[in-house]
Participant: 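For reference, the structure I am asking about is given below.
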Amino acid sequence: MSNNYKLSDYLLDVIKHMGANDIFGVPGDYNLQFLDHITHRDDLTWKGNANELNASYMADGYAREKGFATFVTTFGVGELSAINGLSGSIAEHVPVLEIVGAPTNEVQNNGSLVHHTFGDHDFSRFEKAHRQLGIKSARLNKDDAINQINEIAQYIYESKKPAYLILPTNLVEMEVNPSLKNDIADLFVEAKRNSVNSFKQIKEAINHSQSPVIIMGHEVDRFNVFDDIKSFSDKNNIPVLDLGLGKGNIDESFKNFVGTYNGEISDESINKYVENSDNVILIGAKLTDSVTGGFTQQFAENNTIIINYDGANLYGKQVAEDYDFKDVMNSLADTNLDLSLPSLDLKNNDLSINP
């Protein structure tokens, strides 16, 4: 007896739970069955695009605003059209899922000479291209499809990076247990982590400062840690700047926010904060040429604390192995340093302070 709950339904339920109300993409003969599942739902809206590259950029922008996005292409020609946009998403830590409608697993395993291939029996070329770019991928198979979807979803949720899912046409209507839907929320429960040792090292390093400054990058928005930074800055009167990649993601009305830093080409008043700092705290930042005035930043490794998603170091040395980005940021939010720094006076946008 049919239960009418398909693998496609489960995948779309996961997508909906992750926060996407709209799905972008371009119809193609290998994804049409899956698109039927999207358009038949009341809680999701199909947003068709003129081409796959547009779809990938639309998804990138949507994910920056909403926290997650999905777009759908067809195999081969469609995914190759979109790969530039998806590469941009990985470069800037944007959580996007691409779903590729593909020939059946049997066709792929047999190396059949079907359209949208190079006619060389090799169906792995396009997946390899995505993996070469560092994009996590999975080609669904009937024995493990649910676990594969869950793994991809958890990866996007935890890393805020894009991923790529190949959905063969023979699995679109595969029946799955409808009770699986009840377990979707459990996929996205953040594990309780304890970064006691690494946090202690970071706190002690900042406590040795006399004039610290915080510079924020794009990961602050991706991992939603700006409120932690505001609390830490507010408790300890530390000035806060952002980089160009984090521009627009930050509440610039915050009383300790002093401006956007871009190396030596920054405004003179902003440069003062960095020039006079003995401890630059970089949070969620990548120091690319475009956000450092062509690598003209006025700080070096020996006075820089780096706190990023994928690791942290103090003056060039890695912190303890128990490091977790979110846990450290949550701990900083509740931290009162031993510095007793006076409150900032930003009326004249200079370094003067209130007594």
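For clarity, every value in this text was computed on a predicted model and none was experimentally measured.
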Participant: Does Lys326 pair with Asp228 as a salt bridge, N-O distance under 4.0 Å?
Facilitator: no
Participant: What closest approach, in Å, do Asp278 and Gln210 show between heavy atoms, and which atom pair accounts for it?
Facilitator: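 Scanning both residues, the minimum pair turns out to be OD2-N, 2.8 Å.
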Participant: Treat each ILVMFWY residue as a node, draw an edge where side-chain heavy atoms are under 4.5 Å apart, and state whether Ile283 and Phe254 are in one component.
Facilitator: yes
Participant: Can you confirm whether Leu314 sits close enough to Ile202 that some side-chain heavy atom of one is under 4.5 Å from a side-chain heavy atom of the other?
Facilitator: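 Answer yes - side chains close enough.
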Participant: Tell me whether the count of non-hydrogen atoms from other residues, nucleotides or ligands lying under 6.0 Å of NZ in Lys235 goes above 12.
Facilitator: yes
Participant: Of the non-hydrogen atoms in Leu133 and Ser87, which two are nearest, and what is the gap between them?
Facilitator: CD1-OG, 3.2 Å
Participant: Do the ring planes of His218 and His93 sit parallel (below 30°), tilted (30 to 60°) or perpendicular (above 60°)?
Facilitator: tilted
Participant: Check the side chains of Tyr315 and Asn279 for a donor-acceptor pair under 3.5 angstrom, ignoring hydrogens and angles.
Facilitator: yes
Participant: Salt bridge between Lys160 and Glu219, side-chain N to carboxylate O under 4.0 Å?
Facilitator: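 Here Lys160 does not pair with Glu219 in a salt bridge, since their nearest N and O are not under 4.0 Å apart.
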Participant: Atom CD1 in Ile270, atom CD1 in Ile265: separation rounded to 0.5 Å?
Facilitator: 11.0 Å
Participant: Just how far is it from atom OG of Ser343 to atom CG of Asn236, taken to the nearest 0.5 Å?
Facilitator: 12.5 Å
Participant: Nearest 0.5 Å, what's the CD1-CG distance between Ile90 and Asp60?
Facilitator: 12.0 Å
Participant: Hey, mind stepping through Lys161 and Arg222 against side-chain contact (heavy atoms from CB on, under 4.5 Å) and telling me if it holds?
Facilitator: CA-CA 9 Å; Lys161 292 181 179 180; Arg222 306 298 186 266; over 6 Å; no
Participant: List the atom of Phe71, the atom of Ala59, and the distance in Å for their closest heavy-atom pair.
Facilitator: CD2-CB, 3.7 Å
Participant: Could you check Tyr57 against Asn49 for side-chain contact (heavy atoms from CB on, under 4.5 Å), going step by step and ending with a plain yes or no?
Facilitator: CA-CA 10 Å; Tyr57 282 125; Asn49 298 95; over 6 Å; no
Participant: Go through the steps for Ile306 and Asn313 under the test side-chain contact (heavy atoms from CB on, under 4.5 Å), then give the verdict.
Facilitator: CA-CA 5 Å; Ile306 297 175; Asn313 67 68; 3.9 Å; yes
Participant: Can you label the angle between the Phe299 ring and the Tyr261 ring as parallel, tilted or perpendicular, going by 30° and 60°?
Facilitator: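 Correct class here is tilted.
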Participant: Backbone N or O of Gly293 within a donor-acceptor pair of the Asn262 side chain at under 3.5 Å?
Facilitator: yes
Participant: Check for me, please, whether Val196 and Met329 land in the same ILVMFWY cluster - side-chain distances under 4.5 Å, paths through other members count.
Facilitator: no
Participant: Taking Asn51 for its side chain and Leu53 for its backbone only, find out whether a donor-acceptor pair lies under 3.5 Å.
Facilitator: yes
Participant: Would the distance check show the side chain of Gln148 and the main-chain N or O of Asn141 forming a donor-acceptor pair, the cut-off being under 3.5 Å?
Facilitator: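 Between the backbone of Asn141 and the side chain of Gln148 there is a qualifying donor-acceptor contact (under 3.5 Å).
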Participant: Which pair of non-hydrogen atoms, one from Leu339 and one from Ile206, has the smallest distance, and what is that distance?
Facilitator: CD1-O, 3.7 Å
Participant: Less than 4.5 Å apart, any side-chain heavy atom of Thr260 and any of Glu252?
Facilitator: yes
Participant: Hey, are the side chains of Val72 and Ile38 touching, using non-hydrogen atoms and a 4.5 Å cut-off?
Facilitator: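 Heavy-atom side-chain distance check passes, below 4.5 Å.
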Participant: Is the closest side-chain donor-acceptor distance between Thr73 and Glu52 under 3.5 Å?
Facilitator: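 Note: Thr73 and Glu52 side chains miss the donor-acceptor criterion.
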Participant: Between the main-chain N or O of Phe188 and the side-chain N or O of Tyr157, is there a donor-acceptor pair closer than 3.5 Å?
Facilitator: yes
Participant: Which atom names give the shortest non-hydrogen contact between Ile135 and Tyr164, and what distance separates them?
Facilitator: CG2-CB, 3.9 Å
Participant: Which word best sums up how the rings of Tyr309 and Phe223 line up, parallel for under 30°, tilted for 30 to 60°, or perpendicular for over 60°?
Facilitator: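 Parallel.
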Participant: Is a side-chain donor or acceptor of Ser198 paired with a backbone partner of Val319 at a separation under 3.5 angstrom?
Facilitator: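 No: the side chain of Ser198 does not pair with the backbone of Val319.
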Participant: Give the minimum heavy-atom separation between Ala153 and Met18, together with the two atoms involved.
Facilitator: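 Residues Ala153 and Met18, closest heavy atoms: O-CE, 3.6 Å.
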Participant: Would you indicate whether the side-chain heavy atoms of Asn21 and Thr45 approach each other to under 4.5 Å?
Facilitator: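 Sidechains of Asn21 and Thr45: no contact.
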Participant: Looking just at side-chain N and O atoms, do Asp322 and Ser195 make a donor-acceptor pair shorter than 3.5 Å?
Facilitator: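 Short answer, no.
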Participant: Side chains of Leu341 and Pro212, heavy atoms from C-beta outward: is any pair under 4.5 Å?
Facilitator: yes
Participant: What's the separation between atom CD in Glu264 and atom CG in Asn271, rounded to the nearest 0.5 Å?
Facilitator: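 Spacing of CD (Glu264) from CG (Asn271) equals 7.5 Å.
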Participant: Any donor-acceptor pair under 3.5 Å linking the side-chain atoms of Asn147 with those of Asp144?
Facilitator: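 Note: Asp144 and Asn147 side chains meet the donor-acceptor criterion.
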Participant: Can you tell if the side chain of Ile15 reaches within under 4.5 Å of the side chain of Phe68, non-hydrogen atoms only?
Facilitator: yes
Participant: Could you walk me through whether Asn150 and Tyr10 pass the side chain to side chain donor-acceptor pair (under 3.5 Å) test, one step at a time?
Facilitator: CA-CA 10 Å; Asn150 293 347; Tyr10 179 79; 2.6 Å; yes
Participant: Is any side-chain heavy atom of Pro168 closer than 4.5 Å to a side-chain heavy atom of Leu140?
Facilitator: yes
Participant: Closer than 3.5 angstrom, by distance alone: can the side chain of Gln201 be matched with the main-chain N or O of Ala320 as a donor-acceptor pair?
Facilitator: yes
Participant: Is Asp13 salt-bridged to Arg41, cutoff N-O under 4.0 Å?
Facilitator: yes
Participant: Quick check for you: to the nearest 0.5 Å, what is the distance between Ile305 atom CD1 and His208 atom NE2?
Facilitator: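 So the CD1 of Ile305 and the NE2 of His208 are separated by 10.5 Å.
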Participant: Taking atom types as modelled, find out whether Asn256 and Ser233 have a side-chain donor-acceptor pair closer than 3.5 angstrom.
Facilitator: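 Asn256 vs Ser233: donor-acceptor pair found between side chains.
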Participant: Is a donor on one side and an acceptor on the other found under 3.5 Å between the side chain of Ser231 and the backbone of Asp227?
Facilitator: no
Participant: May I ask you to check whether Ser179 and Asn177 show a side-chain donor-acceptor distance below 3.5 Å?
Facilitator: yes
Participant: Counting N and O atoms only, with roles assigned by atom type, does the side chain of Thr292 sit under 3.5 Å from a partner on the main chain of Gly263, one being a donor and the other an acceptor?
Facilitator: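 Side chain of Thr292 to backbone of Gly263: no pair is present.
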Participant: Going only through I, L, V, M, F, W and Y residues with side-chain contacts under 4.5 Å, is there a path from Phe295 to Val291?
Facilitator: no
Participant: Check the pair Leu332 / Phe199 against side-chain contact (heavy atoms from CB on, under 4.5 Å), numbers first and verdict last.
Facilitator: CA-CA 8 Å; Leu332 281 175; Phe199 172 69; 3.7 Å; yes
Participant: Within a radius of less than 6.0 Å around NZ of Lys247, do more than 12 heavy atoms belonging to other residues, nucleotides or ligands occur?
Facilitator: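 Result for NZ/Lys247: enclosed.
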Participant: When you measure from the side chain of Glu79 to the backbone N and O of Gly76, does any donor-acceptor pair fall under 3.5 Å?
Facilitator: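 Present.
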Participant: Could you check whether any side-chain heavy atom of Val26 comes within less than 4.5 Å of a side-chain heavy atom of Thr74, counting everything from C-beta outward?
Facilitator: no
Participant: Using a strict threshold of under 4.0 Å (side-chain N to carboxylate O), is an ion pair present between Lys286 and Glu92?
Facilitator: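 A salt bridge is absent here (no side-chain N lies under 4.0 Å from a carboxylate O).
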Participant: Give a yes or no on whether the backbone of Gly284 and the side-chain of Asn308 come within a donor-acceptor separation of less than 3.5 Å.
Facilitator: yes
Participant: How many angstroms lie between atom OG1 of Thr70 and atom NZ of Lys16, to the nearest 0.5 angstrom?
Facilitator: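 Answer rounded to 0.5 Å: 11.5 Å.
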Participant: Under 4.5 Å between side-chain heavy atoms, hopping through other hydrophobics if needed: is there a path connecting Ile149 to Met174?
Facilitator: yes
